[in-house]
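A note on names: the letters A, B, ... follow the listed sequences, proteins ahead of strands, and every chain is numbered from 1.
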Amino acid sequence: MYDLTIIGAGPAGITAAVYAARKKLNTLVITNNIGGWAATSSEVGNYPSYQFITGPELAKKFEEHLKSFELDLREREEAISIEKINNIFKVKTKKEEYESKTVIIANGRIPRELNIPGEKEFKNKGITYCATCDAPLFAGKDVAVIGGGNSALDAVIQLMKIAKKIYLINLTDKFICEEVRLDKARNSEKVEILENTETKEIIGDKFVSQMKVLKEGKEKILDVQGVFIEIGSVPTIIDVKTQDGNLKLNKGNEIIVDQYCKTNIPGLFAAGDVTDVPYKQIIIAAGQGSIATLSAFDYLSKIK
Amino acid sequence: MSKIIVYSAPNCPWCHTLKDFLKEKNIEFEDIDVSKDHEKATEMIEKSGQMGVPQIEINGKMIVGFDKEAIEKELENV
């Protein structure tokens, strides 16, 4: 039986694990990959001690730190459900079942989908949700980026070096992003910004060749070979069944936590972007990871 | 032993996960950076019909993404 099981190894999960290791808790970490969403960032400039670091480099540093401790780390394994019976948590993955006295959910978020015709059919056939991964495959091509936030602008800036023409398609006329990024896009001859524009359909044969958009009531066809969907994210959902009732989520399906990172289920904690914490930032996720472990440690000392 | 090819991009986390996985198993592979080698990138897309990285070619079979089970199964036949 583990003292603590941490689900996820992004900034929140890794920090939780580092604190757990230093508290000498018998700890299990279950994760799909190390680094989480932070690892897909093209640049991180707001994490103190690094003036500039790329997402993959920061993830590598996290990983080194994590692996410097003796922990039970199950990589490339996905937790699918948590059950609490007789004050013991059973965490199930596709492979195994683990028992633990406490659990921290830190499995972050996944990209939000558009839910329009053609989206499923052309995933990986021109449609991508990871600009840092797949942008190089669109060298010399005409592409569209959908979204109006930092990640959409980030995708545009990366593509400016690679693609021939970039349509930036935003549902409203407001961009919720850093002005410096928007200026870069506005000043590029390659970028055409379409505001108040809704994406209706992705069209193609083997690969994406066109997309249908609606701008101010008028339908328009754009010839593009790539579509980058950057419309934010939704929390990762994990099935939770407990003796104490349902896990409380907010309207956006984020896990509700208090300032101690406690959920409404005793012994179950949550940290990082999967929670209702305001501002999804690497450093905030890391901070919550440490709170969650310290809270779990308090809980454990009371039940012992 | 037939050649194993990994198609990857420098900033793609799953590409790193895939390559680390192969290194842990001491499996030799050729790493093609699709951000530098556009010809090979086109070849990859033609072979698999998929525009995304990582992809791995084992015994002439293309596996898209880090599909651990599929990769392990294919490696058994190498």
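- Using a 4.5 Å heavy-atom threshold, the side chains of Lys60(A) and Asp20(B) count as touching.
- Contacts of Lys94(A) with chain B are absent, with no heavy-atom separation under 4.5 Å from either backbone or side chain.
- Other residues, nucleotides and ligands place more than 12 heavy atoms under 6.0 Å from the CD atom of Glu96(A).
- Looking at Ala59(A), neither its backbone nor its side chain comes within 4.5 Å of chain B, counting heavy atoms on both sides.
- Residue Glu70(A) qualifies as open at atom CD: its count of foreign heavy atoms under 6.0 Å is 12 or below.
- For a residue to count as touching a neighbouring chain, one of its non-hydrogen atoms must lie under 4.5 Å from one of that chain's; by this rule Gln55(B) does not touch chain A.
- When Lys206(A), Glu57(A), Arg76(A) are compared by the number of non-hydrogen pairs under 4.5 Å with chain B, Arg76(A) comes out ahead.
- When the heavy atoms of residues 63-75 of chain B are compared with those of chain A, the residues falling under 4.5 Å are Val64(B), Phe66(B), Lys68(B), listed by number.
- Taking 4.5 Å as the heavy-atom cut-off, the residues of residues 118-128 of chain A that approach chain B are Lys123(A), Asn124(A), Lys125(A), Gly126(A), ordered by number.
- Of all residues in residues 129-138 of chain A, those placing a non-hydrogen atom less than 4.5 angstrom from a non-hydrogen atom of chain B are Thr132(A), Cys133(A), Asp134(A), Pro136(A), Leu137(A), Phe138(A).
- Taking each heavy atom of Phe207(A) and Ile45(B) in turn, the nearest pair found is CZ-CG2, 3.4 Å.
- Open room surrounds NZ on Lys184(A); 12 or fewer heavy atoms of other groups in view lie less than 6.0 Å from it.
- At a heavy-atom separation below 4.5 angstrom, chain A is approached by Val34(B), Ser35(B), His38(B), Ala41(B) within residues 29-43 of chain B.
- Counted within 6.0 Å of NZ on Lys61(A), heavy atoms from surrounding residues, nucleotides or ligands total 12 or fewer; the atom is thus considered open.
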